[in-house]
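Input: a single structure, listed below in structure tokens.
As the structure is a computational prediction, the values presented were derived from the model and not from experiment.
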Amino acid sequence: MNIRHLIVLCAALSGTLTVPMLHAQTLELDYSGFYKYMAKVKKAKVDNAELGFYLSQHDGKGLCTIESGVVRVDDEVRGQVTVLPHGQFTLPEDKELDLDKAKVVLEVLEESQCNISIQIQSNLAAGEIKMSELRLVEDDMYRLLQKMAGWPGKYFVPKLQGIKLNPAEPNGSVQGQTQLKLSQAQLGEDKTLNLPALRITPWF
């Protein structure tokens, strides 16, 4: 993997990695594609980072609205899709669903084309948190990014400037801002913050 391709990968996984989906209200997707990513997270052995799945509008004007979703094998419902307030959807992690060639069926409000987006992130509950704990989140996100880059790409992953704190609730704020950035220097401070529920993403 050359450096130019690696930079594209890092940008994709810190923002979105999109795969075009069908132009329809009902999207039927292979579960195996999602399971592959979930398995990589497990192999990375990180406690404070994950890959978040989203459904983005094709024109870049926000997220598509998922009304409901299930995981099916033929006509049998074998699992539920959970949609979080900030638009992320989560799936059961089950090797049997992968072996049985399950499908993820999403009911989407918009009729316009949507894309699957994948984001390296960490979801944080509201409450007090030390900067040292946020530093552990950053370390795990970076480790996961290296895992996704593979070999030898992991040796060329650019260092992070810090992390970005995004409110988990729609129209929320973090200390009066729509997004709060914390630098490496700030993460090294002996300080405790009182924060709302957050979605944390890498800051390159």
Spacing of Leu182 atom CG and Leu165 atom CG [to the nearest 0.5 Å] = 4.5 Å
In sequence, state the C-alpha distance, the side-chain angles, and the governing distance for Lys181 and Gln161, and then conclude on side-chain contact (heavy atoms from CB on, under 4.5 Å).
-> CA-CA 9 Å; Lys181 293 180 178 179; Gln161 292 188 55; over 6 Å; no
Does a sphere of radius 6.0 Å around CG in Asp59 hold more than 12 heavy atoms from other residues, nucleotides or ligands, not counting ones at 6.0 Å or beyond?
-> yes
With clusters built from Ile, Leu, Val, Met, Phe, Trp and Tyr whose side-chain heavy atoms come within less than 4.5 Å, directly or transitively, what are the remaining members of the cluster of Val105, listed by chain and number?
-> Val70, Val77
Write down the atom of Lys40, the atom of Lys147, and the distance for their closest heavy-atom approach.
-> O-CG, 4.0 Å
Return a table of donor-acceptor pairs under 3.5 angstrom between the side chains of residues 61-69 and protein atoms on other chains or two or more places apart.
residue, atom, partner, partner atom, Å
Thr65, OG1, Glu110, OE2, 3.0

Residue pair Ala126 / Ala197: nearest heavy atoms and the distance that separates them = CB-N, 3.5 Å
Can any side-chain N or O of Gln177 pair as donor or acceptor with the backbone N or O of Val174 at less than 3.5 Å?
-> no
Pair listing, disulfide bond (SG atoms under 2.5 Å apart) test, anchored in residues 168-204, at least two apart = none
How many angstroms lie between atom OG of Ser173 and atom CG of Asn166, to the nearest 0.5 angstrom?
-> 12.0 Å
Heavy-atom side-chain contact between Asn48 and Val46 under 4.5 Å | no
Report whether Leu51 and Phe204 are members of the same hydrophobic cluster (ILVMFWY, side-chain heavy atoms less than 4.5 Å apart, transitive linking).
-> yes
Report the residues that fulfil salt bridge (Lys or Arg N to Asp or Glu O under 4.0 Å) with Lys103, sequence neighbours left out, ordered by chain and then residue number.
-> Asp30
Are any non-hydrogen side-chain atoms of Glu93 and Lys42 less than 4.5 angstrom apart?
-> yes
Lys164 side, atom NZ; Gln121 side, atom CD - distance, nearest 0.5 Å | 12.0 Å
For the residue pair Leu97 and Tyr31, what are the closest heavy atoms and their distance?
-> CB-CE2, 3.5 Å
Sorted by first residue and then second, give each side chain to side chain donor-acceptor pair (under 3.5 Å) pair with at least one member in residues 129-139; sequence neighbours left out.
-> Arg135-Glu138, Arg135-Gln184, Glu138-Gln184
Please answer: with hydrophobic residues joined when any side-chain heavy atoms are less than 4.5 Å apart, are Val104 and Tyr37 in the same cluster?
-> yes
Determine, using the 4.5 Å side-chain heavy-atom cutoff (strictly less than), whether Leu193 and Met141 are members of one ILVMFWY cluster.
-> yes
Are the side chain of Asn115 and the backbone of Ser56 linked by a donor-acceptor contact shorter than 3.5 Å?
-> no
Is there a path from Leu124 to Leu180 through hydrophobic residues (I, L, V, M, F, W, Y) whose side chains come within less than 4.5 Å of each other?
-> yes
So, Asp100 side chain and Ala102 main chain: donor-acceptor pair closer than 3.5 Å or not?
-> no
Taking all heavy atoms of Gly79 and all of Pro92, pick out the closest pair and write down the distance.
-> CA-CG, 4.3 Å
Gln25 and Glu107: side-chain hydrogen bond (donor to acceptor under 3.5 Å, both in side chains), yes or no, with the steps?
-> CA-CA 6 Å; Gln25 282 191 314; Glu107 299 297 330; over 6 Å; no
How long is the span from the CE atom in Met131 to the CG atom in Leu187, to the nearest 0.5 Å?
-> 6.0 Å
Given Leu160, Ile163, Leu145, the one that forms side-chain contact (heavy atoms from CB on, under 4.5 Å) with Pro202 = Leu160
Is a donor on one side and an acceptor on the other found under 3.5 Å between the side chain of Tyr142 and the backbone of Val157?
-> yes
Hey, quick one: are Val83 and Tyr54 part of the same hydrophobic cluster, counting side-chain heavy atoms closer than 4.5 Å, chains of contacts allowed?
-> no
Looking at CD of Glu50 and CG of Asp140, how far apart are the two atoms once the value is rounded to the nearest 0.5 Å?
-> 11.5 Å
For Asn123 and Gln88, does a side-chain donor sit closer than 3.5 Å to a side-chain acceptor?
-> yes
Taking all heavy atoms of Val41 and all of Ala49, pick out the closest pair and write down the distance.
-> CG1-O, 4.0 Å
Report the relative orientation of the aromatic rings in Phe34 and Phe53; use parallel for angles under 30°, tilted for 30 to 60°, perpendicular for over 60°.
-> perpendicular
Below 4.5 Å, heavy atoms only, C-beta onward: do Leu55 and Leu27 meet side chain to side chain?
-> yes
Considering only Ile, Leu, Val, Met, Phe, Trp and Tyr, and joining two whenever side-chain heavy atoms are under 4.5 Å apart, list the other residues clustered with Leu109.
-> none
Say whether, by atom type as modelled, one donor and one acceptor occur between the side chain of Arg143 and the main chain of Lys45 under 3.5 angstrom.
-> yes
Give, for atom CG of Leu134 and atom CD1 of Ile129, the distance between the pair rounded to the nearest 0.5 Å.
-> 4.0 Å
Is the CG atom of Asp190 crowded by more than 12 outside heavy atoms at less than 6.0 Å?
-> no
